[in-house]
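Notes to accompany the following structure.
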2 protein chains.
Amino acid sequence: MGWMMETYKGKKRQHYLEKHSISHLFSFPIEEFVEVREYKRDEWIIREGMRPDYLYYVIEGKAKIYVTYQNGKVSLINFINAHDYIGEMELLHEVYYTKGIQASAKTVCFAVPLHHYRKKLLEDTTFLRELTKFLSVKATKMAEKYSQGLSFPLENRLADFILQTADGDMYKEKHVTVCDFLGVSYRHLLHVLVQFCEKGYLHKEGRHYHIRQTDELHRLADVLKNGLEPGS
Amino acid sequence: MGWMMETYKGKKRQHYLEKHSISHLFSFPIEEFVEVREYKRDEWIIREGMRPDYLYYVIEGKAKIYVTYQNGKVSLINFINAHDYIGEMELLHEVYYTKGIQASAKTVCFAVPLHHYRKKLLEDTTFLRELTKFLSVKATKMAEKYSQGLSFPLENRLADFILQTADGDMYKEKHVTVCDFLGVSYRHLLHVLVQFCEKGYLHKEGRHYHIRQTDELHRLADVLKNGLEPGS
DNA sequence: CCCAAAATATGAGATATCTCATATTATTGT
DNA sequence: ACAATAATATGAGATATCTCATATTTTGGG
């Protein structure tokens, strides 16, 4: 289990700080003590149950949030992408059960040391406003997912997931990850995928799937879009 | 559909402002332009799709957040209780599809006029920090509900719900509301409740249920508690 | 290059959950 | 007090989804 997270130094660090400046997210200079870190695929950025000493801001890459239940079942809760914060719960709350966060691709993030900045962060309007926006979006998305997840069969949620994660017209996600994320059994996921192929929505090519009828998938996915768009 | 929301004036208003002071939530005096409103059971505090002009802070009562899907199905997303904010999404984001919020009991709340305070609120550290805490808790709860909802059968979620909403050792929630909240059909909810009675966990008395074996319900509900408690 | 582990596949039977049909009570408005 | 509407109940058949068993293929490490 080598957890050899790499910290960029010198020129490389400087390059990231400049190219992906986060100074607009704070009203005070923060770069001096910020670490630039790279996590490799499958490395744990935060281990479940362990309080982190840093607030992270993701620059590039992709990670997954996991939680382990008492019965041993591990569940994928959400994805983390560029421009997301990690560890904000621990910054805000004294007690909080930390979830596990694992990089699913090479992930670069800024690590803001809390022992140094905690107080300043909690008094910084600019930072708090940004964080509040981030959290409100997160809360809304989770709320939507929740009601969607409970209200519709896999057929609809999978169609949506395929459209959201497709690489061009190819769907390439790993089944194991997906059935974890969508909370269904591997068997059933395959079953619905086969149906999609039989109906001609998808065509299996090797271990990937070619999207043949985007419109039909949209029809299925649209069922879980709520309400009207703002402005109507 | 009389929507005769009542606004307290004079002495009554003053009484609420003093007894449930919210001055600690802001670093500037806010009471001058705050309205104290009372919504009766089933009144809409915010109508779905309509942007509110106020930020609300609930003092007493209980409300429900609803969303309507394109297929016409209405889904209960969450409850709102005392000390919750309403309308924070609209304060933070220019575009946002507003969900419907309906009082499920007499509900008193403070209404902060945005046209007057919007700018000040977004620059107030104290307010933003409070709101951030509120939102982070909300986001976490939704995330937990989401993964729970997807991962466990109704038996477990219902046990948890019963324990959480029980009034002493009596469970009194309305079935219609519950099956909406838990995202299951009325038929199935009844089916599982009957099972609980047959197993002796509950005993039906009129339209309420007497909890007879808390331990057994806890055993079912504990399955969806994640991880270890902080500090272990 | 080989092995063990992970990921992919597929079948069959068991459950969980839904839909629809239909009655019987509350509740509410007038 | 009455009619309309909502909430509660219950049965029966249809689906969605799960569990388990088992086989094949891919992948990563030594």
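Lettering follows sequence order; numbering is per chain, from 1.
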Task: Atom CE of B:M170 with >12 non-hydrogen neighbours under 6.0 angstrom - done: yes
Open item on the list: Can a donor-acceptor pair be found, under 3.5 Å and without considering hydrogens, that links the side chain of B:R157 to the backbone of B:A221?
Closed with: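 No; judged by distance alone, with no hydrogens or angles, the pair does not exist.
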Task: A:D84: partners by salt bridge (charged side-chain N to carboxylate O under 4.0 Å, His left out), with sequence neighbours left out - done: none
Task: Cationic N near anionic O, under 4.0 Å, B:K106 to B:E6 - done: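 Looking at B:E6 together with B:K106, the answer is no, because their closest N to O distance does not fall below 4.0 Å.
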TODO: Could you tell me whether A:E88 and A:K138 have a side-chain N and a carboxylate O separated by less than 4.0 Å?
DONE: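 Looking at A:K138 together with A:E88, the answer is yes, because their closest N to O distance falls below 4.0 Å.
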Task: Whole-Å distance separating the NE2 atom of A:H208 from the C1' atom of D:dT26 - done: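 In whole Å, D:dT26 C1' and A:H208 NE2 are 12 Å from each other.
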TODO: Quick one, give me the B/S/- string for nucleotides 8-17 of chain D, reading 5' to 3', where B means a protein heavy atom under 4.0 Å from the base and S means that only happens at the primed atoms, P, OP1 or OP2.
DONE: BBBBB---SB
